[in-house]
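Below: the structure, in structure tokens.
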Amino acid sequence: MSKYSFDTKFSVLMKDPEVMKIVDELCPEIVNHPMKNLALSLGFTPNQGMVVLSKMYSKEKIEEFRQRLEAIE
């Protein structure tokens, strides 16, 4: 069973170096996104942030991130 999914809070995901390695490779812009602090403070998950994420990244890149995230055990 995977450790994370798109229902895991951003605040939890950002504490894991393995997740942050994926972020650095696929979507480093989100680390400095102006909405990041709001998403963290509200306890958002990637699924809840999908409106913003889908405007920034292709479906293929989002799917690659999801697959790599879910592969973490």
Should Glu63 and Lys59 count as an ion pair when the cut-off is N to O under 4.0 Å?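 Salt bridge: no.
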When you measure from the side chain of Gln48 to the backbone of Thr45, do you find a donor-acceptor pair of N or O atoms at a distance under 3.5 Å?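 Judged by distance alone, yes, a pair lies under 3.5 Å.
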Asp16: partners by side chain to side chain contact (heavy atoms under 4.5 Å, CB included), with sequence neighbours left out: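 Listed in chain order: Lys3, Tyr4, Glu18, Val19.
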Can you give me every donor-acceptor pair (side chain of residues 34-42, partner residue at least two apart or in another chain, under 3.5 Å) with its distance?
{"from": "Lys36", "atom 1": "NZ", "to": "Val31", "atom 2": "O", "distance (Å)": "3.2"}
{"from": "Ser41", "atom 1": "OG", "to": "Asn37", "atom 2": "O", "distance (Å)": "3.2"}
{"from": "Ser41", "atom 1": "OG", "to": "Leu38", "atom 2": "O", "distance (Å)": "3.0"}

Taking it one step at a time, do Ile72 and Ile22 satisfy side chain to side chain contact (heavy atoms under 4.5 Å, CB included)? CA-CA 11 Å; Ile72 298 171; Ile22 298 169; 3.9 Å; yes
Atom [atom1] in [X], atom [atom2] in [Y]: separation rounded to 0.5 Å?
| X | Y | atom1 | atom2 | result |
| --- | --- | --- | --- | --- |
| Glu64 | Glu25 | CD | CD | 8.5 Å |
| Met14 | Met20 | CE | CE | 4.5 Å |
| Met1 | Glu73 | CE | CD | 11.0 Å |
| Tyr57 | Ile62 | OH | CD1 | 9.0 Å |

Non-hydrogen atoms of Leu69 and Leu13 that approach each other most closely: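 Smallest heavy-atom distance, with atoms named: CD1-CD2, 3.7 Å.
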What is the minimum heavy-atom distance between Ser2 and Glu70, and which atoms define it?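 Shortest heavy-atom separation between Ser2 and Glu70 comes out as CB-O, 2.7 Å.
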Side-chain touch Lys61/Met56, heavy atoms, less than 4.5 angstrom: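 Lys61 does not reach Met56 side chain to side chain.
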